[in-house]
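One structure is given here, and the rest of the page talks about it.
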2 protein chains.
Amino acid sequence: MIDLSYKSNQPIYEQIIEQMKLHVMKGHLQPGDAIPSVRKLALELGITPGTVSKAYQELERQQIIETIRGKGTFIADKIQIKPDEGKLEERKKRLQTEIMELRMMGYDKNRIVELVKEIYEEMIEC
Amino acid sequence: MIDLSYKSNQPIYEQIIEQMKLHVMKGHLQPGDAIPSVRKLALELGITPGTVSKAYQELERQQIIETIRGKGTFIADKIQIKPDEGKLEERKKRLQTEIMELRMMGYDKNRIVELVKEIYEEMIEC
DNA sequence: ATAACTGTATCATATCAAATGGTACACTTA
DNA sequence: TAAGTGTACCATTTGATATGATACAGTTAT
């Protein structure tokens with residue numbers, strides 16, 4: 001379900017957050033679906049429950065999942081769409097960075113646009 | 001010349017690297033141009049020379065700048081283009097993350113593509 | 001009730017990257 | 001010679017990440 005990379009400089013909890021979001025986006029996880037308990041996922045990944053909990057708490061803050069004490073954690077009924085202006089600016093900045101780096105690698109405008117389209121399509125497909 | 005954000009989770013030296021690259025890309029800095037000495041820039045930004053040096057060394061490793069002992073640091077004559085397959089995969093992954101987040105915010109394919117084009121154009125203009 | 005499962009909270013600890021502050025060395029220019 | 005370059009250390013601090021252990025509170029099934 002989750003595939004961790006320990007070589008990555010990306011924190012474990014962030015990797016969990018992103019991959020859960022991808023699963024939701026691809027439809028592998030539907031609203032109402034249960035996701036593994038913090039203990040189960042921690043055991044499966046060989047990490048501490050606290051780290052999984054940290055990821056789940058951020059996902060809940062973003063209203064991607066809902067947690068019910070004693071019952072478990074579930075995909076939210078309605079995936080919220082939040083404009084969140086401040087975050088949008090951050091996203092644009094990061095996007096600019098990636099585009100700049102690709103340009104440094106010799107990618108021109110069209111190749112970058114094509115790459116973005118490719119990545120988008122891959123993300124939708126199951 | 002460089003605008004630091006201390007609130008950002010992005011390290012200072014990385015911010016310097018990115019903004020220098022942007023200046024080169026926008027043409028504000030031309031091949032052969034001198035950039036501030038590590039001490040001057042450190043003083044201007046209120047940081048340690050070692051941090052600026054770290055940024056400059058990475059920029060030199062990427063052949064964006066050239067340093068000459070006792071003389072100073074300059075924009076490289078030819079900005080190298082390096083395919084660097086491993087890095088490309090990292091870039092694609094990060095791009096995927098940004099695209100996913102934008103989609104979570106309600107951006108559809110066309111809006112994302114338009115945003116990418118916008119950012120690209122902004123990057124070229126002075 | 002009881003057992004087994006949920007998520008949450010806390011604490012001390014360890015690790016690592018980032019940045020600081022200071023010092024020193026080697027080179028170039030005026 | 002003096003002032004300015006980049007570089008190289010080193011000890012220290014800070015903050016984020018993750019661990020390991022324990023404990024609490026709620027739910028479910030028996």
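A, B, ... follow the sequence lines: proteins, then strands. Residue 1 opens every chain.
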Over how many whole Å does the gap from [X] atom [atom1] to [N] atom [atom2] extend?
| X | N | atom1 | atom2 | answer |
| --- | --- | --- | --- | --- |
| A:Leu45 | D:dT19 | CG | C1' | 15 Å |
| B:Ile35 | D:dG4 | CD1 | C1' | 16 Å |
| A:Ile68 | C:dT8 | CD1 | P | 11 Å |
| A:Ile17 | D:dA16 | CD1 | C1' | 14 Å |
| B:Glu58 | C:dA17 | CD | C1' | 15 Å |
| A:Glu60 | C:dA9 | CD | P | 10 Å |
| B:Leu41 | D:dT5 | CG | P | 12 Å |

Do any side-chain atoms of residues 30-48 of chain B form donor-acceptor pairs under 3.5 angstrom with protein atoms, and if so which ones, sequence neighbours left out?
unit_1	atom_1	unit_2	atom_2	d
B:Gln30	NE2	B:Gly27	O	3.1
B:Asp33	OD2	B:Gln30	N	2.8
B:Ser37	OG	B:Lys40	N	3.1

Pairing donors with acceptors under 3.5 angstrom, does anything connect the side chains of [X] and [Y]?
| X | Y | value |
| --- | --- | --- |
| A:Gln19 | A:Gln15 | no |
| A:Glu18 | A:Gln10 | yes |
| B:Ser53 | B:Gln57 | yes |

Would you please confirm or rule out a distance under 4.0 Å between OP1 or OP2 of [N] and any side-chain N or O of [X]?
| X | N | result |
| --- | --- | --- |
| B:Thr73 | D:dT5 | no |
| B:Ser53 | D:dA8 | no |
| A:Lys71 | D:dT28 | yes |

Item to complete: Summarise protein proximity over nucleotides 18-26 of chain C in one line of letters, 5' to 3': B for base, S for sugar-phosphate only, - for none, counting protein heavy atoms closer than 4.0 Å.
Response: SSSB--B--
Worksheet item: Is there a side-chain contact between B:Glu101 and A:Arg94 (heavy atoms, below 4.5 Å)?
Response: no
Discussion item. Using a 6.0 Å cut-off, check whether atom NZ of A:Lys93 has over 12 heavy atoms from anything other than its own residue.
Written reply: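 No, not enclosed.
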Item to complete: Look at all strands and tell whether B:Glu66 reaches a base, only sugar-phosphate, or nothing, counting heavy atoms closer than 4.0 Å.
Response: nothing
Worksheet item: Hey, does the Lys NZ or Arg CZ of A:Arg103 hover above the aromatic six-ring of A:Tyr107, less than 6.0 Å from the centre and inside 45° of the axis?
Response: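 No cation-pi geometry.
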Worksheet entry | Closest to side chain of A:Ser37, choosing from C:dG7, D:dT7, C:dT8 | C:dG7
